[in-house]
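Everything below concerns the one structure shown next.
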Amino acid sequence: MIPFDNTFATLPPQFFDRQDPVPVPAPEMVLFNDALAQTLGLDPADFPPEVLAGNRVPEGATPLAAAYAGHQFGGFSPQLGDGRALLLGEVVTPRGRFDIQLKGSGPTVFSRNGDGRATLSAALREYLISEAMAALRVPTTRALAVVKTGAEVPRDTLEPGAVLTRIAASHIRVGSFQFHYARRDTQAVNRLIDYTIARHYPSAADSPNPALSLLQQVLESQAALVAKWMQLGFIHGVMNTDNMAISGETIDYGPCAFVDTFHPDTVFSSIDRQGRYAWGRQAGIAHWNLAQFGTTLLGRIDPDPAQARKLAQETLDRFPDRFAQHYNAGFARKLGLSRPAPDLVNDLLSDMANNGVDFTLFFHRLTGFAAGGDSPRALYDTPGAFDTWAESWRAAGPDADIMRAENPVIIPRNHQVDRALKAATAGDMAPFRRLHAALATPYQDSPDKAPYQAPPTADEIIHATFCGT
Ligand code: AMP
Ligand code: MG
């Protein structure tokens, strides 16, 4: 029996809509994450395909679609909500309390024009990338399983449908607060503040101003998270406020991707035509999203609106410094340095952008170079630019051991992911399994990594990734 201990479902009715998943014709297991089940102390026998597909609601589950709002590409939608997902419930594990959510489990009251379903390709993509992120030591939601539904879902073509089982510290988003705030439901906002503090930031409860402390702690986790993304060349792709988790985990893997040839303006999302969520803009967007979050907390920060705004603003104004601290410390470690070296990092990144340098391969080769191997200079259009920079870097005293722990040998490259997903959609899971296995130990240089190290050739480059609903 799954040891459910559901708390979100005890919140007032305006937080969610209770409903069961919509059954599918033929549940079939595609992937089950035994390692994750084990870490969480969950029994795989409790998760047969019928349960993972939503055809059987397990004992103790209280399935619900959560309500949330969100700024999407800057425009506010007062009602989004789980349009194709249901929270089954929560489990308390040795690693803490986690949500178990089915994604692609059928239409809900929040589906608007959507069909409530997910394609096998999108479910596998989230599984692969979120598990790779976890192995890269980035805070993230996890993937417990993918099952096929036996039904096809209409997208550009008919595609096999699937349900992903997602594990998350919670599914509370900036948009969850915005939902109640936009309705001027002060009681609900306050209830959500207390719930979130108790669940994620319990120390805020002891602070003289708990809501302000909550804002400050969420700001800190986002600053750390986005810095970590950028150090890996990760681009989330849809940093709408409904896709920012209060827990500080990466959530909602849609058109996300890792940069190959480095440029700060890189965008992959086919729907992000303005480059709003480009690699180099992610910190600014996180700051903007946090300001939206702060707005919802004002009434609890201080009864005097002017004072509340002043306190929230002071906290928000710390974001650039907090982010810079994480970013500079992380990039210093990528360079093997124990002290921040922002000038060295800025010079390097601008040289890389000007020289068409592959991000992951460069840092991997630089690690080898620090350990006495070959120079990565050949990755530059103008190798002399690297030599000049490398003199200053050498002078700073890089340590190859620090670099090895920070620079992955591989990341999930778009063209490799795409190839694996196409094969999986056509019924061949072997390429997916190989890629997934290699990504389980991204910092370990072993022979299974070799096929995934090379950047895409000109005709392999993927320019856009789709929202993959
Ligand atoms: P996303 O941008 O994928 O995070 O989703 C934004 C909103 O669209 C959320 O409310 C989702 O639940 C909803 N949504 C996305 N895909 C579907 C779908 N296939 N059916 C119903 N709702 C969806
Ligand atoms: Mg979303």
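Order of appearance sets the numbers: ligands from 1, and atoms from 1 within every ligand. Bear in mind that the values here come from a model prediction, so they are computed numbers and not experimental data.
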Please determine if R300 and D194 form a salt bridge, counting it only when a charged side-chain N lies under 4.0 Å from a carboxylate O.
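So R300 pairs with D194 through a salt bridge.
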Using a strict 4.0 Å threshold on nitrogen-to-oxygen distance, state whether R413 and D358 make a salt bridge.
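Yes, this pair counts.
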What atoms in ligand 1 come closer than 4.0 Å to a heavy atom of [X]?
| X | result |
| --- | --- |
| Y68 | 9 (C), 10 (O), 12 (O) |
| D252 | 4 (O) |
| G114 | 20 (N), 21 (C) |

Taking the minimum heavy-atom distance to atom 7 (C) of ligand 1, which of K103, Q79, R112 ranks first?
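Looking at heavy atoms only, the winner is R112.
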So between T119, V153, I271, N243, whose heavy atom ends up nearest atom 2 (O) of ligand 1?
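When every heavy atom of T119, V153, I271, N243 is considered, N243 comes closest to atom 2 (O) of ligand 1.
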[X] to ligand 1, any heavy atom closer than 4.0 Å:
| X | value |
| --- | --- |
| G116 | yes |
| R155 | yes |
| D115 | yes |

Judging by distance only, is a nitrogen or oxygen of [X] under 3.5 angstrom from one on ligand 1?
| X | answer |
| --- | --- |
| G81 | yes |
| R84 | yes |
| Q72 | no |

Heavy-atom closest pair, residues [X] and [Y]:
| X | Y | value |
| --- | --- | --- |
| A69 | F76 | CB-CZ, 3.7 Å |
| P412 | V417 | CB-CG2, 3.7 Å |
| P255 | V238 | CD-CG2, 3.3 Å |
| F234 | Y253 | CZ-CE2, 4.0 Å |

Atom OG1 in T119, atom CG in L421: separation rounded to 0.5 Å?
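If we round to the nearest 0.5 Å, T119:OG1 and L421:CG are 8.5 Å apart.
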Any chance you could measure Y327, atom OH, to M230, atom CE, to the nearest 0.5 Å?
5.0 Å
Mark yes or no: R137 above the aromatic ring of Y443, with NZ or CZ under 6.0 Å from the six-membered ring centre and no more than 45 degrees from the axis.
yes
Find out whether the Lys NZ or Arg CZ of R281 is both under 6.0 angstrom from the six-membered ring centre of Y277 and within 45° of the ring's axis.
no
State whether a side-chain donor-acceptor pair under 3.5 Å links H171 with R166.
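Side-chain D/A pair, H171 to R166: present.
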What part of R117, side chain, backbone, both or neither, has a heavy atom within less than 4.0 angstrom of ligand 1?
backbone
Can you list everything that forms a salt bridge (charged side-chain N to carboxylate O under 4.0 Å, His left out) with K148? Sequence neighbours excluded, please.
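Salt bridge (charged side-chain N to carboxylate O under 4.0 Å, His left out) list for K148, sorted by chain: empty.
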At a cut-off of 2.8 Å, protein N/O/S around the Mg ion (ligand 2) gives N243 OD1, D252 OD2
